[in-house]
Amino acid sequence: MRVIAIDGPAGAGKSTIAKRLASRVGLDYLDTGAMYRAITFKVLREGLDPAGSEVAAAALSASIEMDGVSVIVDGIDATAAIRSPDVTSQVSIVAANSQVREALRAQQRKWAERMGGGVLEGRDIGTVVFPDAVMKVFLTASPTVRAERRVAELGGDLKEIEAQIRLRDELDSSRSDSPLRHDDDYIFLDTTEMDIDEVVDQLHREYVKRTN
Ligand code: DC
C-alpha cells in the first residue's frame, strides 16, 4: 500500500498540490481537514459546545461521505458549510479532542486500505496516521502569503484572515494530541516563493525516486 502524507499549516497549498500529485501518480486523494470540519459542522448544527464532552459521541456517530468534491454529513450536503467562517473558527477546538482524532484516524486508515493507498493531506498524517508512508511532505509558506492565497480563493479581509491563520497555527501546533510538526524524514518545502507547478514537479520526481 503506497501512502503519500502531506502535512502543513492552513493555506500552504496542500489541497491543490495533493490533488495534482495524486492524479499524476494515479492514487486517490483524501482531505482529512475536511473530516475535522465535517464533525465541527455537526457539532455546531446540533448546538453542542465545541469544547464540551458530547463532541466525542457526535464524532463517533457521524457518517461522513466524501467523493473528492462533496462532503455529506449524516445525509446533509455540507460541502459549502464546512468552509464557512463559523466552522473555520471552531475547527481547531474540535480537532484538539483526542476521541475525535482517534475516530477520524481509524476512518482514514480504513479509507487507505480500501483504496490500496492514497495521497492524504492534514496535520498528523506522516507523524501519526501513516508513519510508514512512502513519502512525507511538509508544506509551509509565510503567514502573509498563506492569507493572500486564501483571500484570492475565497475572498475576505486580508488582515482578518491572516490573524485567523496565525491563531489556528498556534492552536494546531500547541495541542497535546498529535500537534502539527515534522520529523527528519519529511521533505520540507517552503512554498512562499514557489508556484504550484514547481512544487508538484519536484514532489513527483521525489516520488519516482522512492518507488522505482
Ligand atoms: O486543512 P484544513 O484547514 O481544512 O483543516 C481544518 C482543521 O482541522 C485544522 O485547523 C486542523 C485540523 N486538522 C487536524 O488537526 N488534523 C488533520 N489531519 C487535518 C486537519
Side-chain angles (χ1 to χ4, degrees), residues 1-10 14-15 18-19 22 27-84 86-133 136 138 167-183:
M1 183 170 86
R2 280 181 180 172
V3 167
I4 299 179
I6 302 194
D7 291 312
K14 295 190 302 292
S15 299
K19 272 186 216 161
L27 289 171
D28 284 288
Y29 157 75
L30 185 67
D31 173 2
T32 66
M35 300 171 79
Y36 289 92
R37 288 173 179 274
I39 301 302
T40 308
F41 165 80
K42 173 171 178 161
V43 162
L44 296 181
R45 195 169 170 274
E46 294 184 353
L48 305 177
D49 172 4
S53 56
E54 304 108 327
V55 170
L60 282 167
S61 67
S63 142
I64 308 173
E65 297 163 67
M66 293 168 61
D67 61 5
V69 182
S70 49
V71 178
I72 313 290
V73 185
D74 293 339
I76 301 164
D77 187 343
T79 313
I82 62 162
R83 310 281 164 200
S84 69
D86 280 352
V87 168
T88 302
S89 68
Q90 302 298 313
V91 63
S92 289
I93 298 171
V94 172
N97 183 309
S98 287
Q99 287 166 294
V100 171
R101 303 198 68 79
E102 206 178 297
L104 293 186
R105 278 182 203 136
Q107 290 191 25
Q108 291 155 15
R109 293 187 180 116
K110 266 194 213 140
W111 176 88
E113 261 166 46
R114 202 167 62 239
M115 298 301 183
V119 180
L120 291 92
E121 62 140 307
R123 302 291 189 288
D124 61 344
I125 306 303
T127 51
V128 179
V129 188
F130 288 104
D132 298 328
K136 302 181 188 182
F138 194 91
L167 177 65
R168 213 137 62 84
D169 284 359
E170 170 59 27
L171 292 170
D172 294 341
S173 307
S174 62
R175 67 173 178 236
S176 60
D177 188 337
S178 47
L180 174 64
R181 62 185 172 81
H182 56 91
D183 306 328

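Computation of the quantities below employed the complete heavy-atom set of this structure, encompassing side-chain atoms and omitting hydrogens, waters and symmetry-equivalent molecules. Residue indices begin at 1 and follow the sequence shown.
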From [atom1] ([X]) to [atom2] ([Y]), nearest 0.5 Å:
{"X": "Ile93", "Y": "Leu171", "atom1": "CD1", "atom2": "CG", "result": "7.0 Å"}
{"X": "Leu180", "Y": "Asp7", "atom1": "CG", "atom2": "CG", "result": "7.0 Å"}
{"X": "Lys19", "Y": "Ile6", "atom1": "NZ", "atom2": "CD1", "result": "12.0 Å"}
{"X": "Ile64", "Y": "Gln107", "atom1": "CD1", "atom2": "CD", "result": "5.0 Å"}
{"X": "Met66", "Y": "Thr79", "atom1": "CE", "atom2": "OG1", "result": "9.5 Å"}
{"X": "Leu27", "Y": "Met1", "atom1": "CG", "atom2": "CE", "result": "10.5 Å"}

Requested in this report: List in chain and number order the residues that pass side-chain hydrogen bond (donor to acceptor under 3.5 Å, both in side chains) with Asn97, two or more places apart in sequence or in another chain; answer none if no residue qualifies.
Outcome: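 Asn97 satisfies side-chain hydrogen bond (donor to acceptor under 3.5 Å, both in side chains) with no other residue.
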Query - Residues which pass side-chain hydrogen bond (donor to acceptor under 3.5 Å, both in side chains) with Ser92, listed by chain and number, not counting sequence neighbours - result: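 Ser92 satisfies side-chain hydrogen bond (donor to acceptor under 3.5 Å, both in side chains) with Asp172 only.
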Would you mind reporting whether [Y] and [X] have side-chain heavy atoms less than 4.5 Å apart?
{"X": "Phe130", "Y": "Lys136", "result": "no"}
{"X": "Ile76", "Y": "Phe41", "result": "yes"}
{"X": "Glu121", "Y": "Ser15", "result": "yes"}
{"X": "Val100", "Y": "Tyr36", "result": "yes"}
{"X": "Arg37", "Y": "Thr88", "result": "yes"}

Query - Residue list, side chain to side chain contact (heavy atoms under 4.5 Å, CB included) with Ser84, at least two apart or on another chain - result: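 If we apply the side chain to side chain contact (heavy atoms under 4.5 Å, CB included) test to Ser84, skipping adjacent residues, the hits are Asp86, Val87.
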Report task. Output all residues satisfying side chain to side chain contact (heavy atoms under 4.5 Å, CB included) with Ala96, sequence neighbours left out; order by chain, then residue number. Result ->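 Ala96 satisfies side chain to side chain contact (heavy atoms under 4.5 Å, CB included) with Arg175 once adjacent residues are dropped.
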Result block: side-chain N/O donor-acceptor pairs under 3.5 angstrom for residues 46-63, not counting sequence neighbours:
residue: Asp49; atom: OD1; partner: Ala51; partner atom: N; Å: 2.9
residue: Ser61; atom: OG; partner: Lys42; partner atom: NZ; Å: 3.0
residue: Ser61; atom: OG; partner: Ala57; partner atom: O; Å: 3.1
residue: Ser61; atom: OG; partner: Ala58; partner atom: O; Å: 3.3

Please give me the minimum heavy-atom distance between [X] and [Y], naming the atom from each residue.
{"X": "Ser173", "Y": "Pro179", "answer": "O-CB, 3.3 Å"}
{"X": "Ala18", "Y": "Tyr29", "answer": "CB-CE1, 3.5 Å"}
{"X": "Gly117", "Y": "Val3", "answer": "CA-CG2, 4.3 Å"}
{"X": "Ala34", "Y": "Ile82", "answer": "CB-CD1, 4.0 Å"}
{"X": "Arg181", "Y": "Thr127", "answer": "O-CG2, 3.6 Å"}
{"X": "Ile125", "Y": "Gly122", "answer": "CG1-N, 3.7 Å"}

Query raised in the report: How about Arg168 and Ser89: does a side-chain donor come under 3.5 Å of a side-chain acceptor?
Result: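 Distance-only check fails for Arg168 and Ser89.
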Query - Qualifying residues under ring pair (Phe, Tyr, Trp, His ring centres under 6.0 Å), relative to Phe138, sequence neighbours excluded - result: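 Once residues adjacent in sequence are excluded, the partners of Phe138 under the ring pair (Phe, Tyr, Trp, His ring centres under 6.0 Å) criterion are His182, Phe188.
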Kindly write out the residues that satisfy salt bridge (Lys or Arg N to Asp or Glu O under 4.0 Å) with [X], not counting sequence neighbours, or none if the list is empty.
{"X": "Lys14", "result": "none"}
{"X": "Asp67", "result": "none"}
{"X": "Asp77", "result": "none"}
{"X": "Arg45", "result": "none"}

**Report entry** salt bridge (Lys or Arg N to Asp or Glu O under 4.0 Å) contacts in which one or both residues fall within residues 95-119, not counting sequence neighbours
**Finding:**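 Qualifying pairs: Arg101-Asp124, Arg105-Asp124, Arg105-Asp177.
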